[in-house]
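Working notes for the structure below.
Just follow the structure's listing: the first ligand is 1, and inside any ligand the first atom is 1. Keep in mind that what you see is a predicted model, and the values were worked out from it rather than measured.
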Amino acid sequence: MTQRIAEHNKDRDQQLAEIRKSLGSNSIVLIGLMGAGKTAVGRRLAACLDLPFTDADCEIEAAAGQSIKEIFAEHGEAYFRTGERKVIARLLENGPQVLATGGGAYMDPDTRAAIKEHGTSIWLKANLRVLMKRVGRRENRPLLQVDNPEAVMKKLMAERNPVYARADITVESREVPHEVMVGNIVDALSAQLADGGA
Ligand code: S3P
């Protein structure tokens, strides 16, 4: 038993080393809707791969000196999207890293192209129930500060899922411990490597 665990860990370490090597200066970029777990899972994935973790929304807030809520309220969504595009383009120059993006980022064609050029995209795909449970009552997401946030989420799923589906890898985001999600992502990255993609 102990030997089996030791072998498993050796396999895992080897998998992680191969993934790190294959990245070069590219990034692993997490995409998907609000509540998909991009930040929570991304942070743990980065730790596991011994890579820096970057949260695009935090970097946008730092660059603007304002919270996302304030940016939307004072300048509107279009202004936020312009900043988001610029910040993500800059962050992608700093790989290797695990980069979590805000839910709307991948809808921008320039951002999609930049991610393709500098990274491997991973869509964390969750169903409506999981997303709504996770976004809860927090007030930090301006798009959901409406009477019927579930209707907005449904609309965003219909608009965005076909675009998210263009990601290099899709991993189902389920109600399992974050470590399980990290394991699923590592396996998916390894499988992609074995297929010859990177
Ligand atoms: C948005 C998602 C948010 C944030 C902003 C807009 C979106 O990020 O960028 O509120 O358009 O889906 P998270 O997906 O990290 O919540």
Side-chain angles (χ1 to χ4, degrees), residues 27-47 52-92 97-115 119 121-167 169-175 178 181-182 185:
S27 301
I28 294 172
V29 185
L30 300 180
I31 67 162
L33 274 164
M34 297 172 272
K38 296 164 298 205
T39 302
V41 173
R43 202 179 288 287
R44 288 166 178 83
L45 176 67
F53 171 74
T54 317
D55 185 86
D57 281 345
C58 290
E59 297 292 328
I60 294 164
E61 290 183 328
Q66 282 184 310
S67 70
I68 288 180
K69 195 175 163 186
E70 288 165 344
I71 302 173
F72 267 73
E74 274 186 36
H75 307 284
E77 183 174 351
Y79 179 91
F80 168 77
R81 297 296 173 201
T82 304
E84 181 175 52
R85 186 184 316 117
K86 285 187 192 154
V87 167
I88 292 179
R90 167 169 62 76
L91 295 174
L92 284 167
Q97 69 197 318
V98 175
L99 174 64
T101 60
Y106 198 71
M107 299 304 289
D108 181 89
D110 290 345
T111 298
R112 273 203 305 279
I115 292 173
S121 48
I122 302 181
W123 175 23
L124 296 187
K125 180 182 183 183
N127 66 35
L128 181 66
R129 193 184 55 79
V130 168
L131 294 172
M132 290 314 296
K133 195 169 158 192
R134 296 225 188 104
V135 295
R137 276 186 250 284
R138 287 180 64 192
E139 287 180 5
N140 60 341
R141 292 178 168 111
L143 296 182
L144 299 179
Q145 295 312 296
V146 292
D147 289 343
N148 189 348
E150 187 168 316
V152 171
M153 190 65 97
K154 271 190 190 157
K155 187 165 169 280
L156 290 175
M157 287 176 84
E159 284 169 8
R160 293 180 177 179
N161 284 6
V163 180
Y164 293 149
R166 300 186 204 174
I169 292 172
T170 297
V171 174
E172 204 78 36
S173 177
R174 297 160 296 134
E175 286 180 287
H178 295 311
M181 286 298 305
V182 168
I185 293 174

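Of the heavy atoms in Asn140, none comes closer than 4.0 Å to ligand 1. Only the side chain of Arg81 comes within contact range of ligand 1, with a heavy atom under 4.0 Å; no backbone atom does.
A donor-acceptor contact shorter than 3.5 Å links the side chain of Glu61 to the backbone of Ile68. When atom types are taken as modelled, the side chain of Thr170 and the backbone of Leu124 share no donor-acceptor pair closer than 3.5 angstrom. A donor-acceptor pair is defined here as one N or O able to donate and one able to accept, closer than 3.5 Å; no such pair exists between the side chain of Glu77 and the backbone of Leu143. Under the 3.5 Å distance criterion, the side-chain polar atoms of Arg85 are left unmatched by any main-chain donor or acceptor of Thr111. Although no hydrogens or angles enter the test, the distance criterion places a donor-acceptor pair under 3.5 Å between the side chain of Arg160 and the main chain of Gly103.
Under a 4.0 Å criterion applied to the non-hydrogen atoms of Leu143, ligand 1 contributes the atoms 7 (C), 11 (O). For ligand 1 and Pro142, the ligand atoms under 4.0 Å from any heavy atom of the residue are 10 (O). Near Lys38, meaning under 4.0 Å from any of its heavy atoms, are these atoms of ligand 1: 13 (P), 14 (O), 15 (O). With ligand atoms numbered from 1 in the order given, ligand 1 contributes 9 (O) to contacts under 4.0 Å with heavy atoms of Phe80. Short contacts between ligand 1 and Asp57, defined as distances under 4.0 Å to a heavy atom of the residue, involve ligand atoms 3 (C), 4 (C), 8 (O), 9 (O), 13 (P), 15 (O).
Not one N or O of Thr101 is nearer than 3.5 Å to an N or O of ligand 1, by distance alone. Considering backbone and side-chain N/O of Arg141, one or more are found under 3.5 Å from N/O of ligand 1. Any N or O atom pair closer than 3.5 Å counts here, and Phe72 shares no such pair with ligand 1.
Screening Val152, Leu156, Leu131 for a side-chain contact (heavy atoms from CB on, under 4.5 Å) involving Met34 leaves a single residue, Leu156.
Residue-ligand proximity: Arg160 is placed with a non-hydrogen atom under 4.0 Å from ligand 1.
Counting only non-hydrogen atoms, the option in Gly103, Ser67, Gly42, Cys58 that gets closest to atom 2 (C) of ligand 1 is Gly103.
The CD atom of Gln145 sits 6.5 Å away from the NZ atom of Lys69 when rounded to the nearest 0.5 Å.
Arg81 places none of its side-chain heavy atoms less than 4.5 Å from the side chain of Asp108.
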